[in-house]
Amino acid sequence: MLQLHGIRPYMKNFMQGRISWSFFICSMIERRANMDIEKIRHSLAHVMAEAVQHLFPGVKFGIGPAIDDGFYYDFLFPQPITNDDLSAIEKEMRRIIEKDQDFIRTEISKQEAQELFRDQPFKLELIEGLEEGKISIYKQGDFVDLCRGPHVESTKELKPSAFKLKTIAGAYWRGDESKPMLTRIYAYAFESKAKLEDYLHMLEEAERRDHRKLGKELDLFSTHEEAGPGLIYWHPKGGRFRVELENWWRDEHYKNGYEILFTPHIGKSWLWETSGHLGFYKANMYAPMKIDEDEYFIKPMNCPFHIMIYKTSSHSYRDLPLRWAELGTVYRYERSGVLHGLMRVRGFTQDDAHIICTPDQIEDEILEVLRFSLSMWKTLGFKEIKAYLATRPADSVGEPERWDQALVSLKKAIDKEGLLYEIDEGGGAFYGPKIDLKVKDAIGREWQMTTIQFDFNEPERFDMVFIDKDGKQKRPYMVHRALLGSLERFFGVFIEHYAGAFPVWLMPDQVAVIPVAPSFDAYAKTVAKFLQEKGIRAKAMLSEERMNAKIRDAQNQRIPYMAIVGQREQEGSLVSLRLRTGDQESGIPLEVFAARVLEKIDMKSLDL
RNA sequence: GCCCCUGUAGCUCAGUUGGCAGAGCAUAUCCAUGGUAAGGAUAAGGUCAACGGUUCGAUUCCGUUCGGGGGCUCCA
C-alpha cells in the first residue's frame with residue numbers, strides 16, 4: 001500500500017510540509033519575523049490586486065494569500081491575459097507603492113459586506129461562510145478587499161525591489177476541479193532585495209541541476225512520447241549507476257537480515273479484490289487484460305504478492321520477524337499533467353519491503369528500519385534528515401490499541417535516533433500510521449523519500465496469522481517500507497543533489513585516460529586495461545581530438561579522474577592526474593593511483 | 001483531466017510581417033606532433049510534431065490531436 005509516488009515536485013512547498021502541529025517552538029524572534037514577512041507578502045498581494053483592478057476593469061477577485069516564497073492572487077479576467085501583461089502589472093504595483101498609501105482596517109456587518117462586494121461573486125461566496133460580526137475589510141487607495149489581515153501600516157513599508165511577478169497559471173476556485181478555473185498570478189517576495197536575489201540564485205542553481213537536463217547531457221536516461229510518456233528508459237550509463245546501487249542495496253539488505261523476493265508483474269482480480277485495491281486504489285490502476293477467462297491487473301504495489309508467499313506455509317512466532325524485500329516494478333496511472341522527468345512517472349521500481357512480526361517485536365523492528373534507512377542516507381551523502389509522523393485519520397481500519405502501539409513504537413524509534421520530527425495529526429493512511437523521512441539536498445530543498453507504514457488492512461483481508469507461544473493463532477503486524485522510495489525518483493534527486501558529479505563508486509565512468517598526443521595511445525590503452533582489470537571503470541580516450549578537447553569532454557561528463565599520459569608517464573609507468581574538481585597532481589605511479597581509486601570505491605567515499 | 005506557455009537537424013536554438021529552411025555542437029571524411037576546459041576544412045543530416053481548414057501558395061494564420069514545460073495544497 002505504499003504511496004511512494006504521490007509526491008509533489010520539489011518547487012512546491014519545499015521549505016515546509018503539510019504540517020498541522022509542530023513539536024518545535026519557534027523563538028519569539030523567529031515567529032515575529034515570520035509574521036512580518038507574511039504581512040509584507042499578503043500586503044503585496046493586495047497591491048497587486050489594486051494594480052490589476054486599475055489595468056483590467058471588471059476583473060473578479062478570488063483570494064490572495066502569502067505563500068512560502070511570496071504570494072499569489074487569483075483573478076477572473078474579462079479576457080485572457082498573457083505573460084506580457086505581468087510587466088505592466090508590476091509597473092503599476094511600483095507606482096502604487098510609491099504613493100505611500102495606508103492600509104485601513106474596518107469592521108462591517110455581513111449585510112454591509114454583501115452590499116459592498118455585490119459585484120464580486122467569489123467574495124460573496126466567502127462571505128457566506130463567515131460569521132456575523134467578524135467581518136473585516138482592508139482598504140488601500142481605491143481598492144477594498146475582504147480580509148482578515150494583518151497588513152503593514154502603509155505601502156511605504158513594501159520594497160519595490162524585493163518582489164517579482166513570476167508566472168500566470170490556472171487554478172481552480174478553491175482547488176476544486178468542478179469549480180471555475182481562475183487565473184493565478186504568482187510572485188516572489190522577500191524582506192529585502194538581497195534575499196530575493198539569493199532566492200532567485202537558488203532557483204537558477206536548481207535549473208542548472210535539473211535532472212532532465214543532466215540526464216540528457218550525461219546520457220543517463222530518456223523518455224519517449226511515441227512509446228509512452230512517464231516511462232523511463234535507462235541508458236548504459238544510467239544502467240551502470242543502477243546496477244552499482246542495486247548491488248549495494250542487496251548486500252545491505254542481506255546484512256540487515258532481509259531476504260529478497262521476486263514476484264510477478266500481474267495478478268488476477270481475485271488478488272486485488274482481496275487486498276482491497278480494487279476498492280480504494282482502482283483509479284490508479286491500469287485496465288485489466290484478459291487471459292483465458294480471467295482478468296489480470298498490472299501491479300501498482302507489491303504487497304499482495306509478498307502476502308501470497310507468506311501464506312504458502314504456516315508460521316510460528318519463532319519464524320518472526322520476516323523481513324522480505326523486493327526491487328519491485330509497479331505501474332500506476334498518473335494524470336498526464338503531473339508527469340515530471342524521473343520524479344513523477346507511470347512505471348517505477350520501488351525498493352520495497354514488508355516486515356511481518358509479532359506485537360512485542362514491533363518496536364525493535366521499527367527502530368531497525370529507521371537505523372537502516374539513516375545509514376543508507378549517510379552513505380549516499382545526505383546529511384540532514386527530518387521525520388514526519390502521520391497519525392490516525394478520522395476514517396480508519398484496525399483496532400485502536402494497535403494504532404496506539406504502532407504510534408508509540410514509531411515515536412520511540414524517532415526519539416532513540418534523535419531525529420527532528422513533526423507530527424501530521426490525522427495525516428496517516430486509513431490503514432495505518434507512518435513515518436516519512438525527508439532528506440535535504442545540496443541546495444536546501446527537502447525531498448520525501450523514505451516511508452515506513454503500518455498496515456492494519458491487508459493482514460485482516462488476507463487473514464494472515466502466526467502461531468504464538470500459547471498455541472493460538474494471532475494476527476501479525478505488517479509494516480511496508482521503502483527506503484530510497486523508487487529507484488527512478490531517487491535517481492532524479494541524486495542527480496540534482498550532486499549536479500551529476502556522483503561519488504566515485506556510483507559514477508558510470510570513473511577514470512578517463514587521456515594521451516597528450518596520438519603517439520601515446522598505446523600507453524593510454526595499457527593504463528586503461530590495467531585499471532579495468534582491477535575492476536575500475538576506465539576508458540582510454542583515443543579519438544583524433546586534441547588533449548584539451550578530451551579534457552573538456554571528460555570534465556563535462558563529470559568523470560572524477562582524468563589520467564593524463566605522455567612521454568614522462570610512459571617512461572616511468574606513471575599517470576598525471578586532473579580531478580574533476582580542477583586539482584592537478586603529477587607523476588603518480590600507476591599502482592598507487594589504482595589503489596587510491598579502489599579505496600574510494602570500496603569506502604564509497606564522497607571525495608576523490 | 002483543466003488553465004497558460006510550448007513543439008524547427010541527434011542536441012541547443014535562430015528564422016520566415018505567408019513565397020521551395022539556417023547556425024553552433026555532435027556525426028563522417030581529410031588536414032593538423034598536441035602537456036591540463038573546444039586546432040582547422042569539407043560533407044552528410046529536416047515532409048519545420050501529426051491531421052484538417054483558409055490561401056494561387058502554409059513551416060509561418062486558424063482549428064483539432066499528440067507530446068513537452070509551468071501551475072491546479074496554501075482560504076477573506
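FYI, side chains are in, hydrogens and waters are out, and symmetry mates aren't considered; it's all heavy atoms of this structure. Residue numbers begin at 1 in each chain, while the letters A, B, ... track the order of the sequences.
With a cut-off of 3.5 Å on both Watson-Crick or G-U wobble distances, the partner of B:G46 is given as none. In this structure B:G18 sits in no base pair that meets the Watson-Crick or G-U test at under 3.5 Å. B:C74: no Watson-Crick or G-U partner with both key distances under 3.5 Å is found in any strand. For B:G7, the paired base is B:C66 (Watson-Crick or G-U wobble, both distances below 3.5 Å). In this structure, B:G39 forms a base pair with B:C31, meeting either the Watson-Crick or the G-U wobble geometry with both donor-acceptor distances under 3.5 Å. Across the strands present, B:A23 finds its partner in B:U12; the criterion is a Watson-Crick or G-U wobble pair with both atom distances under 3.5 angstrom.
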Please assess A:Glu204 against A:Arg208 for the test salt bridge (Lys or Arg N to Asp or Glu O under 4.0 Å), listing each intermediate value before the final yes or no. CA-CA 6 Å; A:Glu204 272 173 34; A:Arg208 195 178 71 74; over 6 Å; no
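Regarding A:Ile67, its CD1 atom lies at a distance of 13 Å from the C1' atom of B:C72, rounded to whole Å. Per the geometry, OH belonging to A:Tyr138 stands 17 Å off P belonging to B:C75, to the nearest Å. Distance CZ (A:Arg344) to P (B:C72): 12 Å, rounded to an integer number of Å. Between the C1' atom of B:C5 and the CD1 atom of A:Ile168 lies a distance of 8 Å, rounded to the nearest Å. Distance A:Asp176 CG to B:G71 P: 21 Å, rounded to the nearest Å. Atom CZ of A:Arg174 is separated from atom C1' of B:U73 by 14 Å (rounded to the nearest Å).
Scanning atom types as modelled, no donor and acceptor separated by under 3.5 angstrom connect the side chain of A:Arg546 and the base of B:A38.
Residues passing the salt bridge (charged side-chain N to carboxylate O under 4.0 Å, His left out) test with A:Asp142, sequence neighbours excluded: none.
Using cut-offs of 30° and 60° for the angle between ring planes, the A:His42 and A:His151 rings count as parallel.
Which of B:A38, B:U12, B:G71 sits closest to the side chain of A:Asn548 comes down to B:A38.
The only member of A:Phe56, A:Phe122, A:Phe143, A:Trp173 that meets ring-ring contact (aromatic ring centres under 6.0 Å, His included) when paired with A:Phe61 is A:Phe143.
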